[in-house]
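For reference, the structure is listed below as structure tokens.
Heavy-atom basis, side chains included; hydrogens, waters and symmetry copies ignored. Lettering of chains follows the sequences in order, A, B, ..., and the numbering in each one begins at 1.
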Amino acid sequence: MSPVNYLYLAALLFAIGSTGVLIRRNAIVVFMCIELMLNACNLALVTFSRMHGNLDGQIIAFFTMVVAAAEVVVGLAIIVSLFRSRHSASVDDASLMKL
Amino acid sequence: MENLIALLVAAPLLGAAVLLCGGRRLDRSGHWIGTLLAVASFAVGVLLFADMLGKDAEHRALHQSLFSWIPVEGFQADVAFQLDQLSMTFVLLITGVGSLIHVYSIGYMEHDERRRRFFGYLNLFLAAMLLLVIADNYLLLYVGWEGVGLASYLLIGFWQHKPSAATAAKKAFLVNRVGDMGLSIAIMLMFTTFGTFAFGPVLESTGETSEGMLTAIGLLLLLAACGKSAQVPLQSWLGDAMEGPTPVSALIHAATMVTAGVYLITRSGAIFNAAPDAQLAVVIVGAVTLLFGAIVGCAKDDIKKALAGSTMSQIGYMILAAGLGPIGYAFAIMHLVTHGFFKAGLFLGAGSVMHGMNDEVDMRKYGGLRKYMPVTFVTFGLGYLAIIGFPGLSGFWSKDKIIEAAFAYDDGIRGWIFGGVALLGAGITAFYMTRVMIMTFFGEKRWQPDESGNEPHPHESPKSMTIPMIVLAFGSVFAGGLFSLNESFVKWLEPVTQFEHPHPVISVPAITASTVVVLLLGAALAYVMYGRKPVPVTAPRGSLLTRAARRDLLQDDLNHVVLVRGGEHLTRSLVYVDHTMVDGVVNGTAAGFGGLSGRMRKMQNGFARSYAVSMFGGTAILIAATLLMRAV
């Protein structure tokens with residue numbers, strides 16, 4: 001199977017993710033969409049690594065996963081405290097710095 | 001002997017300093033200190049004069065170098081004095097008449113609680129005026145020139161609680177400033193042309209300078225003289241300057257300060273001799289002013305303003321003579337000295353009349369005063385005969401010579417024009433002075449009680465006032481004859497001013513005869529108009545010329561239209577440009593940035609998703625641009 005198909009898939013996933021970020025209000029869903037975009041990038045990186053026959057892309061994909069894991073920890077903590085203070089997980093409700 | 005020269009200035013300067021800084025404790029003795037120092041300066045002058053007479057004519061000039069004022073590389077300004085025959089004449093006139101007027105002021109200002117300050121200002125004036133005439137360079141002369149302007153301002157506005165006096169002082173100061181600009185630019189031109197200010201080098205090297213430059217300097221000096229000596233077109237301040245106390249009018253605005261312009265032109269004679277165009281301008285200014293002042297003098301009912309018009313006219317004679325070159329300088333100075341005597345005497349007489357008439361100045365409310373003030377009447381009468389040029393009195397000798405010199409301007413039409421104007425002026429002088437004389441001292445008494453019921457009780461003035469008047473009357477009678485004896489005055493000045501005998505277009509006896517005829521005609525006309533029938537207490541409407549002359553021949557209206565209105569329009573258009581263009585650029589920039597930031601602020605709405613759109617869109621555009629660049 002041609003590796004280009006994987007790139008199409010990565011582009012599709014990235015598009016779905018970014019659309020989700022832009023149109024969904026729920027912070028958890030937005031967060032999941034961001035993960036989807038990151039993973040679409042990972043897929044593209046791994047595919048390029050395979051196409052060019054070196055390991056650089058795969059190594060960067062590991063880095064991305066580590067960063068994404070760290071991001072999940074911080075991001076979920078923020079969402080939880082946001083929910084506690086505003087009783088809502090909608091990103092549009094958090095348009096002001098003050099309460 | 002030359003070490004005494006500085007004392008001339010130092011004495012009155014000391015007086016001014018002591019009187020102005022001394023405070024109230026000098027209130028009782030201040031006038032004596034001021035008078036004593038003025039007389040001291042006169043004594044020094046007489047001493048120097050006696051010494052000068054003992055030498056031969058060519059070696060009379062004294063020189064004293066006091067200190068180096070501004071010693072800079074390539075720019076040397078010294079405080080140094082030069083006392084030659086011309087300066088000596090002025091020194092004696094200034095300190096002599098000045099001392100007499102100090103004495104007069106003791107009586108005149110007796111009831112003024114600021115008398116000490118008045119004497120301080122008078123002394124300041126004397127110091128500045130003496131500095132002006134004994135300076136040996138133009139820069140120091142300028143110091144004195146400004147000093148007399150300051151003293152004049154302070155003294156015109158001495159009664160500054162009267163708004164009219166305060167305004168008159170400001171007017172005099174401002175108009176003088178225009179002339180002072182002329183003098184300062186002339187001095188700068190001299191420095192760039194000759195490299196120095198000193199009289200000696202400047203006046204000796206006129207032969208090596210282009211005539212254009214000399215004409216420019218001459219015209220600027222003429223502008224300066226016009227301002228200080230109240231000549232057309234800068235004459236408007238002199239009439240209003242009569243708001244000052246009468247001794248001030250006599251000393252500053254008749255005998256001394258206003259003649260500074262004549263001194264300046266005579267002193268700079270070498271420049272004018274080499275610049276015939278500038279000389280012609282001087283003669284024209286003199287001729288115009290002598291008629292202008294005389295016409296104004298005919299219409300004024302205020303005795304001091306009538307005399308002010310006369311002063312303007314007589315100085316016009318002097319300026320005219322000074323513009324004639326070596327045939328006129330000596331006569332200009334001679335008329336200046338005799339005028340100093342008789343005009344100061346006339347003003348002191350007018351002050352004496354006002355003193356007795358509750359400060360009334362309107363001649364229509366005088367009349368018949370000869371019975372009440374015999375001394376004033378006689379001294380004023382002698383001054384009157386002198387100023388109209390009655391044969392044998394001072395004015396006759398000096399004015400007649402000027403008329404002769406004016407007829408000798410050249411052989412052609414100009415000699416006739418200037419001579420004719422001078423002759424006509426003599427007739428008008430006789431007319432307006434006779435009018436003043438008749439309205440004040442002859443006819444019926446016309447004064448009435450004022451609003452509060454106080455009727456004036458005319459009385460003769462105290463001795464301190466009458467004695468100076470008597471002394472000046474002697475000068476008015478005899479000075480001219482004394483000066484003309486063997487042409488002594490002309491010979492005295494000749495080493496400084498040069499002298500050539502004038503050759504008039506018509507013979508001298510004919511000129512003298514026609515002068516006498518013209519003055520008798522003028523006096524007779526005044527007698528017919530004012531002596532034969534009673535003078536109305538309220539002024540009749542008068543002809544168009546009379547009404548114009550009452551308004552100083554519309555000089556103030558002209559100044560108002562040209563300068564005040566013009567200035568207002570200029571300011572308004574400048575304000576308009578400032579508001580629309582300058583402010584427009586500044587405010588427009590500010591408004592532009594304000595509007596722009598108002599729009600940009602809307603992007604900062606706090607919604608995370610809208611930020612995400614911007615980031616997404618921005619990234620997409622960046623990538624698209626990068627790809628496009630690569631494709632191209």
For Phe607(B), is it the side chain, the backbone, both or neither that has a heavy atom under 4.5 Å from a heavy atom of chain A?
both

Residue by residue, which of residues 19-32 of chain A have a heavy atom closer than 4.5 Å to a heavy atom belonging to chain B?
Val21(A), Leu22(A), Ile23(A), Arg24(A), Arg25(A)

Under 6.0 Å between ring centres, would you say that holds for Phe75(B) and Phe191(B)?
yes

Carboxylate-amine/guanidinium contact Arg609(B) Asp92(A), below 4.0 Å:
yes

Would you say the ring centers of Phe197(B) and Tyr138(B) fall short of 6.0 Å from each other?
no

What I want to check is whether the side chains of Ser164(B) and Glu243(B) have a donor and an acceptor closer together than 3.5 Å.
yes

Hey, is Asp27(B) close enough to Arg114(B) for a salt bridge, meaning N to O under 4.0 Å?
no

Could you verify whether a donor N or O on one side chain and an acceptor N or O on the other, from Gln76(B) and Thr196(B), lie under 3.5 Å apart?
no

